[in-house]
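Report on the structure given below.
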Number of protein chains: 4
Amino acid sequence: MNVVSYRPAADELSYTFGGRPAVGTVEPGTVLELYTEDCFGGRVRGVDDLPSAVCEFPYLNPVTGPFHVRGAEPGDTLALHFISIEPARDWAVSTTFPHFGALTGTHTTAMLQPPLDEVVWMYEVDKERRTVTYRARRGDFTVEMPLDPMHGTVGVAPGASEARMTITPDAHGGNMDTPELRAGVTVYLGVNVEGGLFAVGDGHCRQGHGEVCGTAVEAAMNTVVAVELIKGVPTPWPRLEDDAHLMSTGSARPLEDAYRISQHDLVTWTSTLTGLDLLDAYQLVSQGGEAPVGNVCDTNYTMVAKLPKAYLGTPDIYEGAHSRLRTLGERYLASR
Amino acid sequence: MNVVSYRPAADELSYTFGGRPAVGTVEPGTVLELYTEDCFGGRVRGVDDLPSAVCEFPYLNPVTGPFHVRGAEPGDTLALHFISIEPARDWAVSTTFPHFGALTGTHTTAMLQPPLDEVVWMYEVDKERRTVTYRARRGDFTVEMPLDPMHGTVGVAPGASEARMTITPDAHGGNMDTPELRAGVTVYLGVNVEGGLFAVGDGHCRQGHGEVCGTAVEAAMNTVVAVELIKGVPTPWPRLEDDAHLMSTGSARPLEDAYRISQHDLVTWTSTLTGLDLLDAYQLVSQGGEAPVGNVCDTNYTMVAKLPKAYLGTPDIYEGAHSRLRTLGERYLASR
Amino acid sequence: MNVVSYRPAADELSYTFGGRPAVGTVEPGTVLELYTEDCFGGRVRGVDDLPSAVCEFPYLNPVTGPFHVRGAEPGDTLALHFISIEPARDWAVSTTFPHFGALTGTHTTAMLQPPLDEVVWMYEVDKERRTVTYRARRGDFTVEMPLDPMHGTVGVAPGASEARMTITPDAHGGNMDTPELRAGVTVYLGVNVEGGLFAVGDGHCRQGHGEVCGTAVEAAMNTVVAVELIKGVPTPWPRLEDDAHLMSTGSARPLEDAYRISQHDLVTWTSTLTGLDLLDAYQLVSQGGEAPVGNVCDTNYTMVAKLPKAYLGTPDIYEGAHSRLRTLGERYLASR
Amino acid sequence: MNVVSYRPAADELSYTFGGRPAVGTVEPGTVLELYTEDCFGGRVRGVDDLPSAVCEFPYLNPVTGPFHVRGAEPGDTLALHFISIEPARDWAVSTTFPHFGALTGTHTTAMLQPPLDEVVWMYEVDKERRTVTYRARRGDFTVEMPLDPMHGTVGVAPGASEARMTITPDAHGGNMDTPELRAGVTVYLGVNVEGGLFAVGDGHCRQGHGEVCGTAVEAAMNTVVAVELIKGVPTPWPRLEDDAHLMSTGSARPLEDAYRISQHDLVTWTSTLTGLDLLDAYQLVSQGGEAPVGNVCDTNYTMVAKLPKAYLGTPDIYEGAHSRLRTLGERYLASR
């Protein structure tokens, strides 16, 4: 097993997809052990660390990478299997901040009202008991919620020399902020440039659907990813696969367009996998599909379209990449 | 136990909320046994029954009711507990139809492209095995999916002499098309006019999130509803409660506004139930909430905001209406 | 010339399109002299008259009517030619109010921020000099702007027993709030119910595009309308015609859907009038069309699509109704 | 007068804002004579040149530049005054193309319907008579429309190493596609990187509001721009000034957010220029403002908010840049 560890120095963090050279090259089949910083670059460490004071805008949401995958060319697909995603600290953090979030005016949904207060919440993270603890800032209300680690951000370089801030999700991936991106999941990303140049960041200990206040339970992560390359198979928008489901994503505004993109991709993918006529696939997804909300707060919104694989017979999905990577992940975990 | 049965004649079906007199008056505490017709008025019975030919537009989506609840006045809340929702036939139906659905131009998202083909799918409904069977129209693909009955439409009369087509969801309820509206759930509706004038319809054997093709697995239903009146407590948007969750709804366009309404209501409701400061409640919902999609195809789109009651301690929710109605429902079912 | 005058008593004002009987019947060919109240029902008369205090929600935006047009049946079109629109007082009024307007959170674009302050601005109206005078509430800034009277609201009853609040624009007309609805313009409205049941209200001394703060320079009006009936010609969305332009309207959310509806109607109308192929008409409108914004603050947003008639040769538009009504209007004005 | 001419070779054209070095450096005060290629790179020259066949996606919408302005630093503003914009050829071109335009499903507003036909229209351009001639593709309909040259695309490099496709309008400028960007207009762009790195392209002989079919009357242009640098004055979104009006732009989705951004900027700018309280400025813009639509077809939509300067007294706008540049432009034109 080819295992590579990488922990970025502060000046190696990336704030864009595209526009910068790789931090390293990996062979297909590699298991990568990565450290990812939280969305605040680790600078918000207590309730008095207001992001607008301790962070330097727009240098937020750093990602670890990008990595050049040997042999990846436009028209191929990268398969990134998340073997494990574990909080790197025993605390995590969430905040409001001015003009960000779904229930406040923003720079885009521009309003004349003053912004909401900027408030920081610190969470305790208990990796043994698999919980995070919420504490109200005013009053003594407290509650435990399940630890459910995920990455908000994963993507590749866009094509045609474009470079996008990591905060923005689009067809290249980016800050999709879907809780579906857990350990055990394989993410498929279409390659736009030589080497693909994927990067990962923005770990969350857990997140509600839509990330309504603008941030999740933000945490640095120790994350293990297995990388595979599927030659000659393109992928139009990021897709996910777990043991039981196919998932397509769409990121756009308004939110119905994110929904449309994700459902359209799931319908056409279903049709390709099964040979079903397009309208027959549309009908099947209409009755059997789910639509978990990703984010409704970033510069594009994200929706996921999800279908049980059991409804599709025994389709050949990306040449069996998920089950192969699943096995590789189990071997890796057994070897620790 | 006060049990009343009602099966509407064809000319008693309603196509609006508001604008017509009640079909009957019920006392709070009543258990109502209702028959509801499917969204096509039962006229689509085979693959050659194209809705555009056999239905009379815009007389679609009929509801059973409205019912006048004795004593209901503006500012009160109706609690409707769905004791059971059972398909009335051994078949159900779904269709595309021209200019309706999320992945086609519509009369609102107006496009110059010709409409998609109008196609009918017939489903077998097996109430013993709790399945529905999908059959592709082209080819011999078939698959069973779980039976998961729900009502797409429930609502009351709007205020100020307004009358809305049943197809439209808004603050008065209407065609929200959320799979969360299952047996075991209590729906809370704010009363706008004397008697409330609630009605129920549009049964689905199951539905994917968003009802992407425009229709679900449509079926006539035998449905049992227990009715309670909560005096002096207003409800701004329809809310749902099951044994484990609070739910708020929002219906609007674009879809992010439906999300905003539902999340805003859940945040303010959470704040009221717990005494949490508004931003503390915003934070709690942000990390603990779910956002199941209702519909992304009707004249307004619907989102649901959902939170485990376990995160709130032991709040007093509508004076305990849900658990009282739950008990009444169990007694009713035991008595059959 | 058949001239009829009507001034509604306070209890004759309407707050819905549909859902109430006509205040009178008019023959096609009639000239109607109408008084319309302002959107506040005349209750906001000074800077201390806050709408939220002096008005009774939701009874805002009263209209004068509805009028039954003899012989009008579903499938026909009403032509309403606005001969003159003159302010009834020497003052007018504008306000912000809580949760209304484009640059504030609203009940639909729901936000947690407190609402903007509720402020009233009084305008002087000089009918001789054709000006209105703006005065800042804080400081002594003042400026004159041209008087450009218009009606925000005109419409007919919707079909199928629906009744909509006058504040809402849709396919039946309603509160479109477009400055294009000036004297000299003919409005075409498709008839949905016997008699058509049209009504008019919400006069503005002038209005910026989009009515961004939520209200215009609101005024009671003395308005003269000539009525004609075009048998057997349907109209899908309200259309306008002036001496130089065709106009189609669309009212929906999001705003691009209002744009799409209006442009789609203008393209198909252009194709019908000229015999141009649909894509040729699309191209012509793309290069020659204008798109004046109506409102971006009401429960639906409104866009207008506008094309010079000179680009179309000499099409037959609604059987020449506009020029006939124009002549009738001139005769009426000459007779005063 | 410092006059510099630049005509890019084919391999010097840019397809992004940001991400590439300047083609030259200009001193503030320079008059630049530029050649800009049309949005198809000049490859569509007849009705059989389908863009999808003769163009290489996504290399569309090339711009001339970028130019480094000596002394420009983040926090400054570039003023670009368009002295003249003249078609470089006696023909121009417009097309539909698959999945692009406002009245068709797109990659974002994803639909299952097949795309509209790809059709090319050739226009004759008569610079003497100042007309363009439309010819229907089917039938012999033809009409002249006024020549009204403009640039669809102008912008600077975004900050933080971002690089955006030229097709996308955002806070850095880009493909706003507003007919307001005519000769005689000064564009103000906030500087994000050293030198500013502005570029110009996408000339249109004329354009309807919204560019509904996706393309305008596309033409290569000979364009003369005067450049000035305003130190220490930031500009949040592109602004325009002509002799009579202030204009703010906003580019986003949904279209109401583009409207909100542009109106919000115009309100705050008005408040700053006049000393008016924010709500007083809101009121003034509400009654006196216009809202010309830019594009409703690109990856972000664009709206312009426009106010007569006459309503503001005698404000100091960007230190008088527009009138200085206007004079410089007149001297340049007189010198030819």
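Residue numbers begin at 1 in each chain, while the letters A, B, ... track the order of the sequences.
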Contacting moiety of A:Y259, where chain D heavy atoms sit under 4.5 Å: neither
Working to the nearest 0.5 Å, report the span between CE of A:M111 and NE2 of D:H264. 9.5 Å
Spacing of D:R253 atom CZ and A:T108 atom OG1 [to the nearest 0.5 Å]: 13.5 Å
Of all of D:T106, D:T109, D:T16, D:L255, which one pairs up most often with chain A through heavy atoms under 4.5 Å apart? D:T109
Partner chain D: residue of A:E256, A:R20, A:H107, A:R260 with the largest heavy-atom pair count (under 4.5 Å): A:R260
To the nearest 0.5 angstrom, please state how far the CZ atom of D:R164 sits from the CZ atom of A:R164. 4.0 Å
Is the number of heavy atoms from other residues, nucleotides or ligands within 6.0 Å of CD (D:E194) greater than 12? no
Please determine, among D:G159, D:P158, D:A160, D:S251, the option with the most heavy-atom pairs under 4.5 Å with chain A. D:A160
